[in-house]
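To start, the structure under review is shown below, and the notes come after it.
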Amino acid sequence: MSEIPTDLHYTSSHEWVRLEEDGTVTVGISDHAQEALGDLVFVELPEVDSELAAEEACCVIESVKAASDVYMPINGVIVDTNQALVDEPEIINSSPYDDGWLFKINPADEDDVGQLMDASTYEAELED
Amino acid sequence: MPFIPHTENEIHDMLSAIGADSIDQLFDEIPAHLKIKGLDGIPPGMTEMDINRLMQDRAAADGRPICFIGAGSYEHHIPSAVWQIATRGEYYTAYTPYQAEASQGTLQLIYEFQSMMTALTAMDVSNASLYDGASGLAEAVLMAVRANRKSKSRRILMPRNLNPVYGKVTHSIVQHQDIELVDVDFDADTGKTNLAALKPYEGEDITALVISQPSFFGTLEDVDALTDWAHANNILVIAVVNPLSLAVLKPPGEWGEQGVDIAVGDGQPLGAPMSSGGPYYGFMCCKKAHVRQMPGRIVGRTVDQQGREGFVLTLQAREQHIRRSKATSNICTNQGLVVTASTIHMSLLGANGLERVAASCHQNTNALVEKLSAINGVDCAMSGPRFHEAVLKLNKPVADVLTALAEKNILGGYDLSQDYAELENCLLVCATEMRTEKDIALYAEALEAALC
Amino acid sequence: MLIFEHTAAGRKTKIQAPETDTKISDIPENLMRKTSAPLPEVSEMQAVRHYTSLSQKNFSIDTHFYPLGSCTMKHNPRACNSLAMLPGFLARHPLAPDTCSQGFLACMYELQNMLCEVTGMAGFSLTPMAGAQGEFAGVAMIRAYHDANGDVERKEILIPDAAHGTNPATATMCGYSVKEIPTLENGDVDVAALKAAVGPQTAGLMLTNPSTLGVFERNIEEIAAVIHKAGGLLYYDGANLNAILGKIRPGDMGFDVIHSNLHKTFSTPHGGGGPGSGAIGVSERLKPFMPLPVVTREGDQYRWLTEKDCPQSIGRMSAFMGNAGVLLRAYVYMRLLGREGMQRVAEFATLNANYMMAKLKEKGFQAAIPDRYASHEFIITLKKQAKDLNVTAMDFAKRLLDLGYHAPTTYFPLLVPECLLIEPTESEAKEALDGFIEALVQIQQEAETDPDMLKAAPYTMPVNRLDEVRAARQLDLSWGSSRD
C-alpha cells in the first residue's frame with residue numbers, strides 16, 4: 001500500500017498539493033503515481049512565471065516505458081521549480097512528498113486548495 | 001502456390017485441429033455479399049523466369065544517360081561491399097529492434113551510424129534516421145517549435161535558396177499546426193541569403209531560421225554570420241546540409257559562436273543509389289539540450305545484467321506507441337536498411353575517402369562550368385564560392401535545350417525557371433566524381449549544338 | 001567492439017574513392033572544415049568482417065520464425081530484391097525526363113492499378129514513405145476534403161482504443177483532436193458508444209479491420225453508415241490488410257481512404273526498421289486530393305501528374321516520388337503472385353493463425369478472444385501465469401529467443417494484459433508452427449517448475465536483459481560523446 005500523508009490534498013490525476021505558510025502552493029506526484037510509473041528518467045518542468053489554469057498539462061514525467069503529464073491542480077502562476085530533478089529525476093521515486101516536489105504555484109485563489117480531495121477521499125479513490 | 005508451403009495433407013490436418021470444414025469457413029464473419037468474386041484487374045501470376053525477362057527489359061528501356069543533374073540526388077560511386085553486406089538476410093529481413101537481445105547487430109550498427117553523423121556534423125546527438133531530407137526538414141521545423149520555448153510565434157524563416165521541394169514538403173506536413181513559413185529572399189548576383197534580407201525580422205518573435213549549406217544553387221552561405229544573427233535574436237537555427245560536403249566544409253556544429261541547434265539533410269550521397277528517388281534517408285542531429293524533442297528512434301549504449309556492453313532503443317517515451325496523440329511525431333520506423341548501407345559506406349571510405357570524393361565532385365563541376373561557359377550563349381550566373389553544383393544562364397529557354405540534350409543521351413541538369421520566375425533560362429548543373437573528361441566534352445559538344 | 005575501435009590513424013587503404021588531391025582552393029577558409037571528421041579508418045576486410053559479424057547477432061526472417069503480431073513478417077522473395085536492384089533502375093535519376101523513364105513508370109502505373117483492384121479503391125498514390133506517412137496523407141486528405149466543402153467545423157477524429165499509437169499521433173499532426181471509442185469484450189467496436197460520439201464535429205473514423213485484437217469487425221457496414229450519415233469519412237489503417245487480401249476489399253466495406261503497408265502485405269523487406277512504404281488509396285471523391293506525384297497514362301506514354309494537373313492535392317510527402325526501390329519490390333511480388341496467388345494470401349495466413357490458436361488452447365493457453373475465429377493473428381494472454389507464477393509475457397518472450405524463435409509482439413494491444421500477439425503469416429510451414437507451439441509448452445512447464453530461471457532469460461544471446469533505466473538516465477548515444 002502506498003503512503004498517503006494526511007496533511008496534503010490530492011487530485012484524481014495523482015498530484016499532491018500543499019498550501020505553505022507563505023501562501024504559495026507546492027505540487028508533486030503521489031507515492032502511488034511514482035510507483036505506477038516505475039524508475040523515472042526525466043522530468044520536463046514548467047516555465048517559471050507561466051500562468052496556467054487548473055487541469056492544464058504543465059509538466060512531463062518520463063520513465064523508461066511511459067511518459068505522463070502532470071496537471072495544474074488549481075489556477076495560478078508558477079513561481080519555482082525543483083531544479084534538482086533535472087539531473088536526478090529518481091529523487092521523485094525515493095522521496096515523492098519531500099525532496100521530490102515538482103513546482104510551486106502562486107495560487108489565483110488559496111481557497112481552491114481546500115476544494116481538492118483530502119487524504120482519505122484519495123485513498124478511497126485508489127481502492128476503487 | 002507461390003510462397004505457400006502447405007500440402008493437401010497438412011491443410012486437412014490443420015483444419016481438423018481447428019474444427020473447421022474448409023478454409024472458407026474461417027471467413028464466415030465476413031458478410032457474404034461483400035466477399036470478392038474475383039480479381040480480374042490483376043494479371044495471372046508469373047514465374048521467376050518470366051518476371052526476370054520483363055523487368056530486365058523495362059530497366060534496359062530507360063537507357064543509361066550521362067547524368068549532370070544533381071538537385072538533391074547525386075550519382076556517386078558505391079563500393080561493392082556496401083550493398084552486398086547490407087542485403088544479407090540478417091539485416092534485410094529483420095524488423096525494428098524491439099527485442100534488443102536478438103537485435104544487437106542492428107542496434108550496434110545504428111549506434112555507430114549515430115556516431116558517424118555526429119562526427120560529420122560536429123553535433124552532440126543524432127537519431128537513427130528519418131524518411132528523407134525533405135520530410136526531415138519538416139520534422140526539424142516541428143521540433144524547433146517544441147524546443148524554442150521562448151518563442152510563441154511559430155514563425156519559421158525559410159530561405160528561398162533552399163531546395164524548393166523541401167519547402168513544399170515542409171508545408172504539406174506542418175500546415176495544420178498553425179506554423180507560418182516565411183520566405184526569405186536571396187541575392188540575385190550571388191545566390192546567397194544576405195543579412196540585409198533578415199534585417200526586417202530583428203526583434204521580432206521568430207522560432208527558427210533555416211540555413212541551406214550549400215544552397216540549392218550550390219552557392220555557399222556566410223553560415224557564421226547567419227547563425228550568430230539568429231542566436232542574437234533568440235532564434236533557433238536549423239541547418240540543411242549535404243552530408244558529403246561536410247567532409248570538406250565547416251560542420252554545422254561549428255557555425256558561428258555556438259553552432260546550430262538542429263542539423264538535417266538527406267543521406268543519399270553516402271551510399272544510396274539514385275534509384276528514382278528512394279529509398280534514401282533523412283538524418284537529424286541536434287544539441288544535447290534538445291534531445292528529448294527529437295523525433296524518431298534513438299539507440300543508446302548501456303550494460304546487461306552481467307555488466308556486458310549492449311545497445312537498446314532509448315528515450316522511447318517520446319514516441320507514438322507510448323505517447324499516442326501527444327507523441328513528438330507519428331514516425332515509427334527509420335530507413336534502417338539504407339542506414340545500414342550508409343554506415344558501411346562511411347566506414348569503407350573514412351574521412352579521407354569522403355574528402356577525396358567531395359573534392360573530386362567539386363573539381364569536376366568546376367571543369368564543367370569552365371568548359372560550358374566558354375560556349376557562346378552560356379554564362380556562369382552566380383558569383384562567389386560554391387560547392388559541387390552551379391547555375392548557368394543560357395540564351396534560350398532551358399526546357400528545349402534539355403530535350404535536345406536528352407536525345408543525345410545526356411541529362412543536362414535542372415531547369416530552375418520551373419521554381420524561380422527570376423531565373424529565366426537558368427540551368428543547375430552538377431558533375432560528380434563519376435563524370436569523366438570525355439563525358440564533359442560530350443556535354444559541351446551537345447550543348448553547343450543545341451544552342452546554335 | 002565498435003568499428004571506431006578498429007581504426008588506426010594513417011590507415012588509408014582506399015581504392016573505393018577517386019585518386020584526387022583533396023585540396024580545394026576556391027572556397028574561403030572560414031567556410032572550410034578545420035580538421036578531418038573523426039570517422040573510422042579501416043581496411044575493406046576489417047569493415048566487411050565487422051559488419052558481417054554484427055549481422056550474425058540479429059534474428060531475421062531468413063534465419064528464424066518471426067511471428068511478430070501486426071508486422072506481417074512473411075518471406076521476402078529474393079527475386080524482388082535482385083530485380084529492383086537492376087542497374088537500370090538504380091542509376092535512374094529521379095528527375096530524369098519521362099521520355100527516359102517509360103520502363104520505370106510502367107511498373108509504377110501498373111502497381112497503382114493492381115493496388116486499386118485488390119483494395120477496391122478508385123485511385124492510388126505511391127509517394128508516402130512509410131505507414132505513418134500514409135496515415136498522415138490520408139487524414140490530411142480527409143481534412144482537405146472537408147475544407148474544400150467549406151465544412152470547417154469538423155475538428156475531431158474518432159479512433160478505437162485498440163488502434164496503433166500512430167493513429168492518434170497522426171490525427172494530432174493534422175490538427176484534429178482525438179476521441180477514443182471503446183472496444184467490447186468480444187473484440188468489436190462498441191457501436192452504441194460510436195453512435196453517441198458522432199456528430200457535426202466528426203471529421204472521420206480511423207479503423208483497422210481486422211482489428212489489432214485479431215478479429216474481423218462484424219459491424220463494419222453499420223459503422224460505415226453511422227460515420228457517413230454524420231458527414232464523416234472512413235479511414236482504413238492497412239496494417240492488417242494481409243488478413244483479408246483476396247477475400248474482401250476495404251473499398252467494398254465503405255472506406256474512403258486507406259494506406260497499405262507494402263512492407264507488410266506486399267512483402268517488401270523490413271530492413272531492420274525500414275524503408276517501408278505507405279501507399280495510399282482513395283475513393284472517387286478524394287481523388288483530387290491525392291499526394292503527388294502520381295503516374296498517369298496518355299495513349300501509350302506514361303507521365304507524372306504534378307501540381308498543374310492536381311491543384312487540390314495535399315502536396316508532396318518526399319523530395320521526389322517516395323521509396324521507389326520498395327515500390328519495385330512490391331510490384332515484382334504482386335506479379336509473381338498474380339490474381340490466383342493474391343487470393344490465397346489471406347486464406348493461408350488465416351489458416352496458420354487459427355491452427356496455432358487451436359493448438360495452444362488445447363495445450364491450456366488462454367486466448368484473449370477464444371470463441372471467434374482469429375484473423376491472420378491472435379492474442380494469448382498470460383495474465384493467469386503472471387498472477388499464479390509471477391512470470392510475465394516479457395519473460396516468455398525472452399525465453400523464446402533461447403529456443404530459437406523471435407518473440408511475438410508483447411504488451412500490444414494495450415487493452416489485453418500480459419499479451420502475446422502472434423502472427424505466423426502464410427509463408428510458414430506447419431512444422432515451424434508446431435515447433436513454436438512446442439516451445440511455448442516447454443516454457444509453460446519451466447514457468448511452473450523454475451520461474452526464476454525464466455526471469456533471467458535469455459541465456460544464449462550475445463547479451464541478456466539490458467539496463468534500460470541506465471540507458472535513459474546516462475545517455476550514451478554516440479562514440480564521440482562517451483570519449484569526452
Side-chain angles (χ1 to χ4, degrees), chain B residues 2 5 10 14 18 23 29 39 41-42 44-45 55 58-59 61-62 79 89-90 92-96 101-102 104-106 114-115 118-119 131 134 172 176 273 275-279 300-302 304 310 314 320-321 324-325 327 330 333 335-337 347 350-351 353 355-356 359-360 385 433, chain C residues 14 16-18 20 22 27 36-41 47 54-55 57-62 83 86 88 90 92 94 103 117 129 132 165 168-170 172 174-175 178 216 269-275 315 319-321 323-325 338-339 341 354-355 358 429-430 461 463 466 471 476 478-479:
Chain B
E10 285 170 340
M14 292 169 85
I18 298 166
I23 292 179
E29 291 185 348
L39 293 171
I42 295 183
M55 295 303 279
R58 288 199 172 158
D62 294 348
E90 298 94 328
Y92 188 75
T93 72
Y95 191 46
T96 299
E101 299 89 339
Q104 285 298 300
T106 291
Q114 290 172 183
S115 305
T118 55
Y131 306 133
S172 306
H176 299 304
S275 185
S276 295
R301 180 157 64 165
T302 184
D304 76 355
T314 191
Q320 49 75 28
H321 62 283
R324 299 179 77 87
S325 65
N330 74 346
T333 47
Q335 296 277 102
L337 194 67
S347 72
E355 285 162 22
R356 277 152 57 188
S360 173
E433 84 279 15
Chain C
K14 306 288 174 281
Q16 286 92 353
T20 316
T22 57
I27 297 178
S36 289
L39 291 172
E41 293 290 349
L54 272 193
S55 78
K57 295 183 178 180
N58 273 359
F59 275 30
S60 66
I61 304 173
D62 279 6
L83 297 178
L86 288 171
L90 292 188
R92 188 181 162 273
E117 173 76 5
M129 293 176 283
T170 299
T172 305
C174 291
V178 172
F216 186 78
H270 285 75
F320 299 105
M321 59 77 59
N323 284 337
R339 70 170 76 107
N354 279 282
Y355 172 71
K430 179 171 175 289
M461 299 288 109
V463 290
L466 291 154
D476 173 358
S478 63
W479 180 67

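Values in this document were obtained by computation on a predicted structure and should not be read as measured data. The figures here come from the full heavy-atom set of this structure, side chains too, leaving out hydrogens, waters and symmetry mates. The sequence lines fix the lettering, A, B, ..., with proteins before strands; numbering per chain opens at 1.
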Looking only at heavy atoms, which two atoms of [X] and [Y] are closest? And how far apart?
X        : Y        : value
B:Ala119 : C:Leu39  : CB-CD2, 4.2 Å
B:Ser115 : C:Ser478 : OG-CA, 3.3 Å
C:Thr170 : B:Asn330 : OG1-ND2, 2.9 Å
C:Gly103 : B:Asp62  : N-OD1, 2.8 Å
B:Gly353 : C:Ala17  : O-CB, 3.6 Å
C:Ser60  : B:Ala94  : CB-N, 3.9 Å

Between B:Ile18 and chain C, which part of the residue has a heavy atom less than 4.5 Å away: side chain, backbone, both or neither?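 Looking at B:Ile18, backbone and side chain both touch chain C.
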Would you call C:Arg92 and B:Ser275 a side-chain contact if the rule is heavy atoms closer than 4.5 Å?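 With C-beta onward as the side chain, the pair stays apart.
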Student check: side-chain heavy atoms of C:Leu83 and B:Arg58 closer than 4.5 Å: no
Considering residues at least two apart in sequence or located in another chain, which fulfil the ring pair (Phe, Tyr, Trp, His ring centres under 6.0 Å) criterion with B:Tyr95? C:His270
Where does C:Leu90 contact chain B at under 4.5 Å (heavy atoms): side chain, backbone, both or neither?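 Both parts, backbone and side chain.
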Can you tell me which of [options] forms the most heavy-atom pairs within a distance under 4.5 Å of chain B?
options                                : result
C:Lys57, C:Arg339, C:Met461            : C:Arg339
C:Ala132, C:Gly341, C:Gly88, C:Ala429  : C:Ala132
C:Gly315, C:Cys174, C:Ala47            : C:Cys174
C:Ala37, C:Pro269, C:Gly325, C:Pro40   : C:Pro269
C:Ala358, C:Ala319, C:Gly272, C:Gly175 : C:Gly272

Look up atom [atom1] in [X] and atom [atom2] in [Y], then write down how far apart they are to the nearest 0.5 Å.
X        : Y        : atom1 : atom2 : result
B:Arg301 : C:Asp476 : CZ    : CG    : 4.5 Å
B:Met55  : C:Leu86  : CE    : CG    : 7.0 Å
B:Met14  : C:Asn354 : CE    : CG    : 9.5 Å
C:Met129 : B:Gln335 : CE    : CD    : 7.0 Å

Quick one: which of [options] has the most heavy-atom pairs under 4.5 Å with chain C, could you say?
options                                : result
B:Ser360, B:Ala359, B:Ala59, B:Pro79   : B:Ala59
B:Ile42, B:Thr106, B:Thr314            : B:Ile42
B:Gly310, B:Pro385, B:Gly300, B:Ala351 : B:Ala351
B:Gly41, B:Gly350, B:Ala102, B:Ser276  : B:Ser276
B:Pro279, B:Ala61, B:Pro5              : B:Pro279
B:Gly105, B:Ala134, B:Pro273           : B:Gly105

Checking the side chain of C:Asn58 only, and the main-chain atoms of B:Glu90 only, is there a donor and an acceptor separated by less than 3.5 Å?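 Yes: the side chain of C:Asn58 pairs with the backbone of B:Glu90.
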Please test C:Thr20 against B:Glu433 for side chain to side chain contact (heavy atoms under 4.5 Å, CB included), starting from the C-alpha separation and ending with a verdict. CA-CA 9 Å; C:Thr20 316; B:Glu433 84 279 15; over 6 Å; no
